[in-house]
2 protein chains.
Amino acid sequence: MNQHQQRICTAPHSKVYTHCNDCRLNSICLPLSLEFSDIDKLDSIVQRGKPLQKGDNLYRSGDPFKAIYAIRSGAIKTWSSSRDGEEKVTGFYLPGEVVGLDGPAENIHINSAIALQTTSVCAIPFDRLEALSRQVPGLQRNLLQLLSREINSDQKQFNLLGRTSAEARVASLLLSVSARYERHQLSAQEFTLPMSRSDMANFLGLTLETVSRVFSSLQKRNIVSANRKDIVITEMLALRALTHKNGDETCR
Amino acid sequence: MNQHQQRICTAPHSKVYTHCNDCRLNSICLPLSLEFSDIDKLDSIVQRGKPLQKGDNLYRSGDPFKAIYAIRSGAIKTWSSSRDGEEKVTGFYLPGEVVGLDGPAENIHINSAIALQTTSVCAIPFDRLEALSRQVPGLQRNLLQLLSREINSDQKQFNLLGRTSAEARVASLLLSVSARYERHQLSAQEFTLPMSRSDMANFLGLTLETVSRVFSSLQKRNIVSANRKDIVITEMLALRALTHKNGDETCR
DNA sequence: CGTTATCTTGAACTTCGTCAACCCCGGTGG
DNA sequence: CCACCGGGGTTGACGAAGTTCAAGATAACG
């Protein structure tokens, strides 16, 4: 069905995937229990635009909701700004993850989304996705799972923001990023953070000074080695132990 | 279609609604842009059980996911417990709201849900809801909206938990409960909180002592009058001003 | 090569958590 | 009917963790 699909542009900085079938992320982005023929149907509605540059907006708060976006490479930050001007980072999204799920509620985007680095995404027009998922039961399920998963990951974030130490928060974020990179055959120990200290701090409900201090402390204790955004986790278990609120004595 | 619907039991403590069509909450629970005939279809799959008593579990973490639940009367608290035994209150749900949206992700419930007072719910079996929403486009939309709305309200919670003062958090919760009761023609100024100080504290990422102190302070300043769970908001605007992080000088 | 953004470090201060005592109120049983 | 008990709530004193303010270091960028 519709093999002559739209191919606006391709990502220059990574291997090119122009079909969902070929995409090495397809087990992650829409964790599809779909038949190949169904994947083709999905594939046919996906729009692959040219990559966003660092600082480009994917959408802004108030924009009409047209599509959800699966990230192929790069990183996206989402944030909301309250009426009193405060900005709050609500999430970081890495390859294989989907942004824009704030849209269906009001048919506009509540949050804004911005590229933290050169980023290419697959835009999936939502009305067409809805129509398609009416025909393909597995896809409807996947779509609902996607939203439910976002709810659960948001609620997991509550654990962090409520009453855990600064150290536990930073450790959790590092481990989260590490685990998410690992799913793509990337190293869980060595990676480059896509976001600034200030973004991390905002996301974690801390000040950037505190985040910086935690990094220094972790480095001094040889748990991680951090050079700005370049991270090496040297003591994975110790880092994990720090996430348990009252970092117990086992790993000190 | 199936007029002889299941009617297991009715809520003894409030007016009885045995059909979605009659239910005064129907504009809220599934904010339905549905035709009457569609509402009947939905109505036919809804199961109305006997009310939960205070302390009864609606579901527990790990339970298989069967249904989502629209609250008719009462109040539900949801919480998750992390591996290190810490419990975190993730939400309070009032009449017209829907719990159980953590389920679709893994087909089990991640959180637990418990009744804070005598509570009656409409159970909506999820597989039948999915099937029905494949036939009724408006319903599919509503379902997606429901999940998306949960995402947005969770993310709004981030604003609170990250870097706002204890006072701002308590004020926000009071205003949230107030607004949610108001939608049912109840007073926005006077109401009874369904949850304990300790639940509030946990939800807000504070200690119960701090919450208690904030209440005392609000009372001393004649902004709210609180007798245990009985609340009277006397200065709505002042209370609202407190939610803006740096409670500016306008309302002090 | 200078300018700017990002990050690090230090010192003083603030807020909230911790620990502990106490109070209030409803329920129970003598 | 009152004493006792226990859960939930309030209040106070103290300390720890993180914020704020300020200065300096390092890397990125035109």
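We name chains A, B, ... by the order of the sequence lines, and we start the count at 1 in each one.
- Listed pair A/R197 / C/dT8 meets the phosphate criterion, a side-chain N or O lying under 4.0 Å from OP1 or OP2.
- Contact of B/R213 with C/dT18 (side chain to base): a donor-acceptor pair of N or O atoms is detected under 3.5 Å.
- The separation between B/L208 atom CG and C/dT18 atom P is 11 Å, rounded to whole Å.
- If you check D/dT19, D/dG18, C/dC16 against the side chain of B/L206, the one that comes closest is C/dC16.
- At whole-Å resolution of the value, CZ in B/F215 and C1' in D/dG8 are 13 Å apart.
- Taking for each of A/T210 and A/R228 the nucleotide of DNA chain C with the nearest heavy atom, the 5'-most of the two is the partner of A/R228.
- A/T119 has its side chain out of reach of A/S73: every pair of non-hydrogen atoms, C-beta onward, lies at least 4.5 Å apart.
- When rounded to the nearest whole Å, the span between CG of B/L242 and P of C/dT15 equals 14 Å.
- Counting heavy atoms from C-beta outward, B/I231 and B/F215 have side chains that approach closer than 4.5 Å.
- For A/R163, the side-chain atoms get nearest to C/dG17 when compared with the rest of C/dG17, C/dT8, D/dT10.
- Checked against A/Y93 for a side-chain contact (heavy atoms from CB on, under 4.5 Å), the options A/V98, A/L58, A/V99 give a single hit: A/V99.
- In this structure, CG in B/L173 is found 8.0 Å from CD in B/Q157, a value given to the nearest 0.5 Å.
- Distance, B/Q117 CD to D/dG8 P: 15 Å, rounded to whole Å.
- Between the side chain of A/R169 and the base of D/dG18, no donor-acceptor pair of N or O atoms lies under 3.5 Å.
- What separates CG of A/N202 from C1' of D/dG18 is a distance of 16 Å, to the nearest Å.
- For the pairing with A/S217, the side-chain hydrogen bond (donor to acceptor under 3.5 Å, both in side chains) check across A/R221, A/K220, A/Q219 returns one residue only, A/R221.
- Between the CD atom of B/E209 and the P atom of D/dG8 there is a distance of 14 Å, given to the nearest Å.
- Atom NZ of B/K54 is separated from atom P of D/dG7 by 13 Å (rounded to the nearest Å).
- The CG atom of B/D230 sits 12 Å away from the P atom of D/dG9 (whole-angstrom rounding).
- Which of C/dC7, C/dT18, C/dC16 sits closest to the side chain of B/A166 comes down to C/dC16.
- If you check every strand for non-hydrogen atoms under 4.0 Å, A/S196 touches sugar and phosphate atoms only.
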